[in-house]
Student: 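Attaching a single structure in C-alpha cells format; questions to follow.
Lettering of chains follows the sequences in order, A, B, ..., and the numbering in each one begins at 1. Please read all numbers here as calculations on a predicted model, not as lab measurements. As a basis for the values below, the full set of heavy atoms in this structure was taken, side chains included, without hydrogen atoms, waters or symmetry mates.
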Number of protein chains: 2
Amino acid sequence: MPSRDPFRASHVASRRNRPAKPPLSRDAIVAEALRQISQDGGGMSLRKIATALDTGPASLYAYVDDLSELQALVLDHALDEVTVGAAGEPWRARLERLLRSYAEVLAKSPALAQLAFQTVAVGPNALRIAEALLEILDEAGVEPATAAWAIDMLTMSMAAAAAGHAYGLDPAAPDSPVAQAVDRVSADEYPRVHAARADIMSGTGDERFAWSVDVLIRGILARP
Amino acid sequence: MPSRDPFRASHVASRRNRPAKPPLSRDAIVAEALRQISQDGGGMSLRKIATALDTGPASLYAYVDDLSELQALVLDHALDEVTVGAAGEPWRARLERLLRSYAEVLAKSPALAQLAFQTVAVGPNALRIAEALLEILDEAGVEPATAAWAIDMLTMSMAAAAAGHAYGLDPAAPDSPVAQAVDRVSADEYPRVHAARADIMSGTGDERFAWSVDVLIRGILARP
DNA sequence: ACCTGAACACCGTTCAAGT
DNA sequence: ACCTGAACACCGTTCAAGT
C-alpha cells in the first residue's frame with residue numbers, strides 16, 4: 001500500500017489525495033515488476049503491478065503485449081546490474097567475475113532465477129554480456145564457432161546455479177529435503193549413491209559454483 | 001471428456017452412467033498429471049486432474065500434500081522412461097546414451113522440461129539415474145568427490161537442453177524470436193555479436209546437444 | 001485515440017458440512 | 001474416517017463502454 005506511506009503523504013502536502021501519481025509507461029511497469037520479482041517474498045503479477053501503479057490490469061496492455069513480453073523486459077532490466085569487466089584484464093579472472101556477477105544478480109530471488117529459464121533475454125543487456133563473453137573467449141584463444149555456442153551454455157549454467165542457490169537447494173543446508181532424502185538412501189538398492197552421500201552434500205555454495213565454472217572453462221578450452 | 005469415449009461406454013454396458021470410475025489414489029492422480037503435462041498443449045493443474053478423475057479439487061488433498069509434492073512425484077514418474085544402460089558397456093557411449101535419453105524424456109513437452117528446473121527429483125528414478133552416473137564416472141576414472149558434484153551439473157544441463165529444445169528456442173529455426181533479434185544486432189554497438197551472428201544460429205539441435213555433452217565430459221575429466 | 005470496469009475463464013487451497 | 005461443495009483469494013486476458 002504505497003499511498004499509506006506517511007513520509008510521502010506529509011512530504012507532498014499539496015496533493016494528499018492523489019500523491020503525484022506518475023503517468024503510466026512501459027518503464028514504470030517494468031520497474032515495478034522488477035521491484036516485485038526481486039523481493040524475496042513472491043513473484044510479480046500483472047494485477048499486482050496494476051494495483052501498485054494505481055490502475056486496473058487492463059491498462060497495462062496499452063504498453064505491453066502480454067505477460068511473456070513483460071517477463072523478457074524484466075529479465076533484461078535485471079541484467080543491468082551485471083558487471084562485465086574491461087578488456088585488458090586477464091581473461092580467466094574476468095570471466096569468473098562476470099559469471100559470478102551474472103549468477104548473483106539472478107540469485108537475488110527464486111522468481112528471478114526461474115525467469116532466466118523461462119525466458120531468453122534478447123535485450124541490450126543480454127547483448128552487452130554476450131559481447132563481453134565473446135571478447136573474453138577470444139582472448140582465451142577459443143575458436144569463434146565454439147565461443148558462439150558457449151554463450152548459451154555459460155548463461156544457462158549460471159541460471160541453474162542461481163536457481164539452486166535461490167531455492168535453498170544448497171545441499172550445504174543439512175536439513176533440506178534433498179539432504180534428508182539422500183541420507184535415507186538404502187545401501188542395498190543404491191550402493192553408490194549411499195557411499196557418495198557425504199560427497200554429494202559436501203562443499204559450500206561458493207565452492208560448488210567455482211567448481212562448475214572450472215568444469216565449463218576446461219571443457220570449452222579443451223575443444224579441438 | 002473421458003466419459004464421452006464411445007468405446008468405454010459400449011464396452012461396460014452394465015454401468016453406463018458411472019463408467020467404472022476407478023477409486024481415487026495417489027497413483028491415479030500422478031498418472032493423470034503426467035498424462036496432462038506430457039501433452040504438448042498445456043500444463044497440468046489440480047483442477048483439471050480432479051475433473052478428469054471425476055471429483056472436486058479438494059479431494060486430491062487426501063492423497064497429496066500440495067502442488068509441489070505432486071510435481072516432484074510427476075517428475076520422478078516421468079523419469080521412468082529414462083534408460084540407463086548396463087555396466088560393462090564402454091563408459092563414453094553409455095554416458096552419452098543416458099544423457100540423451102534423459103534429455104529426450106524431459107523434452108517431451110515444455111511444461112515437463114520446466115518442471116525439471118523447479119523441482120529436484122529425489123524419487124526412485126532419480127536415484128536409479130544417479131546410481132548409473134556414479135557407476136559410469138567411476139569407470140571413466142573420475143574421483144568420487146568430483147563424480148558426486150557432477151551428477152547435479154549433468155542433470156541440470158540436460159534439463160536446460162531439454163527446455164531449449166521443447167520451447168523451440170532451437171536457434172536452428174530461422175524465424176524464432178531469438179534468430180530475428182540476433183539478425184538485427186547493430187554492428188556498431190555489438191561488433192562481436194554481429195560478427196558471430198551466423199555461428200550463434202548454426203548447428204542442428206542434435207549437434208548442439210552433442211557439443212554440450214562433450215564440453216561437460218571434457219571439463220569433468222580434466223579435473224585434477 | 002486512449003483508457004478502464006467488469007466480466008470471463010481459469011488457478012491452489014481451506015474448511016465447514018456431509019456421509 | 002473419508003470425502004467434497006462451496007467459498008476464498010488469487011491469476012492473465014478480453015471487450016464493450018466510457019472519456
Student: Expressed as a whole number of angstroms, how long is the span from Asp65(B):CG to dG12(C):P?
Tutor: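 Nearest whole value for this atom pair: 15 Å.
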Student: What nucleotide, of dT4(D), dT13(D), dT14(D), holds the atom closest to the side chain of Leu67(A)?
Tutor: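 Selected nucleotide (nearest to the side chain): dT13(D).
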Student: Would you kindly give the CZ-to-P distance between Arg47(A) and dA9(C), to the nearest whole Å?
Tutor: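 Rounded to whole Å, this separation is 15 Å.
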Student: Rounded to whole Å, please give me the gap between CD1 in Ile49(A) and P in dC10(D).
Tutor: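 After rounding, the reported distance stands at 16 Å.
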Student: Below 4.5 Å, heavy atoms only, C-beta onward: do Arg26(A) and Leu73(A) meet side chain to side chain?
Tutor: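 Yes, close enough: below the 4.5 Å cut-off.
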Student: Measure from CG on Leu53(B) to P on dC3(D) and round the result to the nearest Å.
Tutor: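 One finds 13 Å between P of dC3(D) and CG of Leu53(B), rounded.
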Student: Can you measure Leu46(A) atom CG to dC10(C) atom C1' for me and round it to whole angstrom units?
Tutor: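 In whole Å, dC10(C) C1' lies 15 Å from Leu46(A) CG.
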Student: Among dC11(C), dT4(D), dC3(C), which nucleotide has an atom closest to any side-chain atom of Tyr63(A)?
Tutor: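 Taking heavy atoms from C-beta onward, the closest nucleotide is dC3(C).
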Student: Distance only, no hydrogens: is a donor on one side chain within 3.5 Å (strictly under) of an acceptor on the other, for Asp66(B) and Ser68(B)?
Tutor: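 Result is yes, a qualifying pair exists.
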Student: Starting at CD of Glu69(A) and ending at P of dT13(D), how long is that distance when rounded to a whole Å?
Tutor: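 Rounding to the nearest Å, CD of Glu69(A) and P of dT13(D) are 11 Å apart.
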Student: Mind checking which stems touch DNA chain C? I mean at least 3 consecutive Watson-Crick or G-U pairs, both distances under 3.5 Å.
Tutor: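 DNA chain C stems, ordered by first number: C:4-8 with D:12-16, C:12-16 with D:4-8.
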Student: Quick check for you: among dT4(D), dC15(D), dC11(D), whose closest atom lies nearest to any side-chain atom of Lys48(A)?
Tutor: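 The nucleotide sitting nearest to the side chain is dC11(D).
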Student: What integer distance in Å separates Leu70(B):CG from dT13(C):P?
Tutor: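 After rounding, the reported distance stands at 10 Å.
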Student: Would you indicate which nucleotide in dC3(C), dT13(D), dG12(C) comes nearest to any side-chain atom of Ala62(A)?
Tutor: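 For Ala62(A), the side-chain atoms sit closest to dC3(C).
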Student: Determine whether Met153(A) and Leu216(B) make a side-chain contact, defined as any pair of heavy atoms from C-beta on separated by less than 4.5 Å.
Tutor: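 Contact flag for Met153(A)/Leu216(B) side chains = yes.
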Student: Rounding to the closest angstrom, what is the interatomic distance between dA9(D) and dA9(C) at atom P?
Tutor: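 So the two P atoms sit 22 Å from each other.
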Student: Please pick, from dT13(C), dT13(D), dT4(D), the nucleotide with the shortest atom-to-atom distance to any side-chain atom of Ser59(B).
Tutor: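 Nearest listed nucleotide: dT4(D).
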Student: From the set dT4(C), dT14(C), dT13(C), return the single nucleotide nearest to any side-chain atom of Ala58(B).
Tutor: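 Per side-chain heavy atoms of Ala58(B), the pick is dT14(C).
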Student: Surrounding NZ of Lys48(B) (heavy atoms of other residues, nucleotides or ligands, distance under 6.0 Å), is the total greater than 12?
Tutor: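 Counting other residues, nucleotides and ligands, NZ of Lys48(B) exceeds 12 neighbours.
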Student: In terms of side-chain geometry, is the basic nitrogen of Glu32(A) or Arg35(A) positioned less than 4.0 Å from the acidic oxygen of its partner?
Tutor: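 Looking at Arg35(A) together with Glu32(A), the answer is yes, because their closest N to O distance falls below 4.0 Å.
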Student: Answer yes or no: is there a side-chain heavy-atom contact under 4.5 Å between Leu106(B) and Leu79(B)?
Tutor: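 The answer is yes; the side chains approach within 4.5 Å.
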Student: Between the side chains of Trp149(B) and Ser202(A), is a donor N or O closer than 3.5 angstrom to an acceptor N or O?
Tutor: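 A donor-acceptor contact under 3.5 Å links the two side chains.
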Student: What's the closest nucleotide to the Ser45(B) side chain, out of dC3(C), dC3(D), dG12(C)?
Tutor: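 So the side chain of Ser45(B) is nearest to dG12(C).
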Student: For Tyr61(A) and dG12(D), what is the distance between atoms OH and P respectively, to the nearest whole Å?
Tutor: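 After rounding, the reported distance stands at 7 Å.
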